[in-house]
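Here is the structure we will look at, set down as structure tokens.
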Amino acid sequence: MNNFIKLLLIFAFLLHFISCKDQKTQLTEGEFWKYSSGFYIGDLLDFKQNTNIIQNDTLYRNNVPVALVIKIENRILSRDKVLHIQDLLGNEKGFYVEKIMIF
């Protein structure tokens with residue numbers, strides 16, 4: 001039984017390691033990010049265009065810093081992602097949900 005648990009933990013670790021992606025890749029996988037709640041910097045964020053870019057942990061819009069990227073949460077049950085941002089002063093958090101266009 002101990003060997004089974006060890007193999008299961010190794011498999012889970014490898015699966016997690018393989019599924020990890022950097023922030024820039026995760027931000028550009030979807031079509032756009034739609035405002036959900038909290039700190040507001042616009043209705044939509046589109047990282048495929050040059051108007052919104054990420055450098056280190058800072059979100060720039062038209063080359064002006066507007067927010068800090070806290071994390072990207074992968075929600076398994078709803079099969080989407082949530083972008084967590086924070087204003088530059090650290091007072092307010094905002095949330096944007098990944099949207100994918102299906103034709």
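Just so you know, these numbers use all the heavy atoms, side chains as well, and skip hydrogens, waters and symmetry mates.
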Identify whether [X] and [Y] are in the same connected component of the hydrophobic contact network (ILVMFWY, side-chain heavy atoms under 4.5 Å).
{"X": "Val66", "Y": "Leu45", "value": "yes"}
{"X": "Leu83", "Y": "Tyr40", "value": "yes"}
{"X": "Ile72", "Y": "Ile85", "value": "yes"}
{"X": "Val82", "Y": "Tyr35", "value": "no"}

State which residue, out of Val97, Leu44, Asp43, fulfils the side-chain contact (heavy atoms from CB on, under 4.5 Å) condition with Phe32. Leu44
side-chain contact (heavy atoms from CB on, under 4.5 Å) partner of Lys81, the single match among Glu98, Arg75, Lys99, Glu73: Glu98
Separation between [atom1] of [X] and [atom2] of [Y], rounded to the nearest 0.5 Å:
{"X": "Asp87", "Y": "Glu92", "atom1": "CG", "atom2": "CD", "value": "6.0 Å"}
{"X": "Ser37", "Y": "Lys93", "atom1": "OG", "atom2": "NZ", "value": "12.0 Å"}
{"X": "Gln86", "Y": "Ile70", "atom1": "CD", "atom2": "CD1", "value": "4.0 Å"}

Shortest non-hydrogen separation from Ala67 to Phe39 and the atoms involved: CB-CE2, 3.9 Å
Any Phe47 side-chain heavy atom under 4.5 Å of Leu59 side chain: yes
State, yes or no, whether a side-chain contact exists between Val69 and Thr58 at a heavy-atom distance under 4.5 Å. no
Flag if over 12 foreign heavy atoms under 6.0 Å of CG, Asn50: no
With a 3.5 Å distance limit and no angle check, can you tell me whether Asp46 reaches the backbone of Lys48 through a side-chain donor-acceptor pair? yes
For Tyr96 and Ile41, run side-chain contact (heavy atoms from CB on, under 4.5 Å): C-alpha distance rounded to whole Å, both residues' side-chain angles, the deciding distance at 0.1 Å, then the answer. CA-CA 10 Å; Tyr96 285 77; Ile41 56 174; 3.3 Å; yes
Step-by-step side-chain contact (heavy atoms from CB on, under 4.5 Å) determination, Ile53 to Asn63: CA-CA 8 Å; Ile53 59 171; Asn63 296 322; 4.3 Å; yes
